[in-house]
Enquirer: 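Let me give you the structure first, and then I'll get to my questions.
The sequence lines fix the lettering, A, B, ..., with proteins before strands; numbering per chain opens at 1. Worth knowing before you read on, the calculation uses all heavy atoms, side chains too, and leaves out hydrogens, waters and symmetry mates.
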There are 2 protein chains.
Amino acid sequence: MPDVYRALGDSTRRRILSMLKQGNKIQKEIVEAFDISQPAIKKHLNILLEEKIISESWDGKYRIYSLNPEVLQIAYHEMLQYIGELLDDQLVSLKNYVEKGEFRDEQD
Amino acid sequence: MPDVYRALGDSTRRRILSMLKQGNKIQKEIVEAFDISQPAIKKHLNILLEEKIISESWDGKYRIYSLNPEVLQIAYHEMLQYIGELLDDQLVSLKNYVEKGEFRDEQD
DNA sequence: TTCACATATAACTATTTGGTTATATGAAAT
DNA sequence: ATTTCATATAACCAAATAGTTATATGTGAA
């Protein structure tokens, strides 16, 4: 079970995910977007890979990274559900909205 | 700005928050609900306090802990917004629902 | 006043994290 | 075949985390 708090718990990793939202990227592009070293970026990518939030593949000598939207969805729902439960009804009905894809409330 | 990822990034802290959802608790009650030492629990409580997710007060010799729902709300919105942006429109419209307290979508 | 008990704090340990530099590997191009 | 360039990995460092045990502090009750 991917640990979404670990994956999203660092702002560099959140920025990497935002980049990947715009489309697949090769490692070099990601490295160049930050001021830290290539090994540091690679460590962040490894954490995102461990948590299954992204995937990697080869294209010749290039490493290609892409988002795993399904895993993100599931992670998102987990957090939404947990925090939603800590808060109150207003937010719980909205959790149902996400899960069922429809807006259904008591007051029709 | 409270770091909700830090606060929620540990399952003991998530369980503590769930307990506090049920009502204010004294430290002793929280300690007894876990298998770890009192100082260990106190450290978790300190992290939740640093991130402003909970508050503490005194009642005689008892420390009382309570949830800060407003801060949780804000944290919730932040995460909703960030992850919503990584995913797609379905989820973004729901962010608006939370923020405006109403369901308004393009396709009325 | 003394004792009991709830809480706080200090000192220590092991692990993880986020970074570094230096170096190895492997594919592509010259 | 050699060089270039993208990537991987190793070794290191400092700080934070999650726990421990031992001890101090403060309040209430006997």
Enquirer: Between B:His44 and D:dT17, is there a contact of a side-chain N or O with OP1 or OP2 at under 4.0 Å?
Expert: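 No.
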
Enquirer: Figure out the CG/P separation between A:Asp59 and D:dT7, and round it to whole Å.
Expert: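 From A:Asp59 CG to D:dT7 P: 10 Å.
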
Enquirer: Looking only at side-chain atoms of B:Ile36, point me to the closest of C:dG19, D:dG19, C:dA8.
Expert: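 From the listed options, D:dG19 comes nearest.
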
Enquirer: Would you check if A:Gln73 and B:Leu87 make a side-chain contact, meaning some heavy-atom pair closer than 4.5 Å?
Expert: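 Touching, per the 4.5 Å side-chain cut-off.
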
Enquirer: Among D:dA8, C:dA6, C:dA27, which is the nearest nucleotide to the side chain of A:Glu56?
Expert: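 Closest of the options to the side chain of A:Glu56: D:dA8.
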
Enquirer: I would like to know whether B:Glu51 and B:Arg6 meet salt bridge (charged side-chain N to carboxylate O under 4.0 Å, His left out); could you show each step before the answer?
Expert: CA-CA 8 Å; B:Glu51 302 305 340; B:Arg6 179 184 183 221; 2.6 Å; yes

Enquirer: So does B:Ser37 get a side-chain nitrogen or oxygen closer than 4.0 Å to the phosphate oxygens (OP1/OP2) of D:dT20?
Expert: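 The answer is yes; a side-chain N or O of B:Ser37 sits under 4.0 Å from OP1 or OP2.
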
Enquirer: Can you figure out which of D:dA6, C:dT7, C:dA6 approaches the side chain of B:Trp58 most closely?
Expert: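 Nearest to the side-chain atoms of B:Trp58, counting from C-beta on, is C:dT7.
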
Enquirer: Which one, C:dG19, D:dT20, C:dT17, comes nearest to the side chain of A:Arg6?
Expert: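 Among the listed nucleotides, the one closest to the side chain of A:Arg6 is C:dT17.
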
Enquirer: Report the nucleotide, chosen from D:dA8, C:dG18, D:dT7, that has the shortest atom-to-atom distance to any side-chain atom of A:Ile26.
Expert: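 Nearest to the side-chain atoms of A:Ile26, counting from C-beta on, is D:dT7.
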
Enquirer: Given C:dA6, is OP1 or OP2 found less than 4.0 Å from the side-chain N or O atoms of B:Lys28?
Expert: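 Checking B:Lys28 against C:dA6: at least one side-chain N or O falls below 4.0 Å of OP1 or OP2.
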
Enquirer: What is the distance, to the nearest angstrom, from the CG atom on A:Leu49 to the P atom on D:dT7?
Expert: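 A:Leu49 atom CG is separated from D:dT7 atom P by 13 Å.
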
Enquirer: Counting only distance, no hydrogens or angles, is the base of C:dA6 paired donor-acceptor with the side chain of B:Gln38 under 3.5 Å?
Expert: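 For B:Gln38, whose side chain was compared with the base of C:dA6, there is no donor-acceptor pair (under 3.5 Å).
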
Enquirer: Would you indicate which nucleotide in D:dG19, C:dC5, C:dT7 comes nearest to any side-chain atom of B:Gln27?
Expert: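 So the side chain of B:Gln27 is nearest to C:dT7.
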
Enquirer: Taking the side chain as C-beta and beyond, is there a heavy-atom pair between A:Lys28 and A:Lys25 under 4.5 Å?
Expert: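 Side-chain contact under 4.5 Å: no.
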
Enquirer: For residues A:Glu56 and A:Ile64, determine if any side-chain heavy atom of one lies less than 4.5 Å from a side-chain heavy atom of the other.
Expert: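 Counting from C-beta outward, A:Glu56 and A:Ile64 never come under 4.5 Å.
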
Enquirer: Taking the side chain of A:Pro39 as its heavy atoms from C-beta onward, which of C:dC5, C:dC12, C:dT20 lies nearest to it?
Expert: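 Among the listed nucleotides, the one closest to the side chain of A:Pro39 is C:dT20.
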
Enquirer: Should A:Ile47 and A:Tyr5 be regarded as members of a common hydrophobic cluster, given that ILVMFWY residues are connected when their side-chain heavy atoms come within less than 4.5 Å of each other, either directly or indirectly?
Expert: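 Looking at the clustering, A:Tyr5 is in a separate group from A:Ile47.
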
Enquirer: Considering heavy-atom distances to DNA chain C, does A:Lys43 or A:Gly60 have its closest nucleotide positioned more toward the 5' end?
Expert: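 Here A:Lys43 is the residue nearer the 5' end.
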
Enquirer: Does OP1 or OP2 of D:dT17 have a side-chain N or O of B:Arg13 closer than 4.0 Å?
Expert: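 The answer is no; no side-chain N or O of B:Arg13 sits under 4.0 Å from OP1 or OP2.
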
Enquirer: C:dA8 phosphate, OP1 or OP2: any side-chain N/O from B:Lys42 under 4.0 angstrom?
Expert: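 Result: yes.
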
Enquirer: Counting side-chain heavy atoms from CB outward, which of D:dG19, C:dA28, D:dT27 is closest to B:Ala40?
Expert: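 When the side chain of B:Ala40 is considered, D:dG19 is the closest of D:dG19, C:dA28, D:dT27.
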
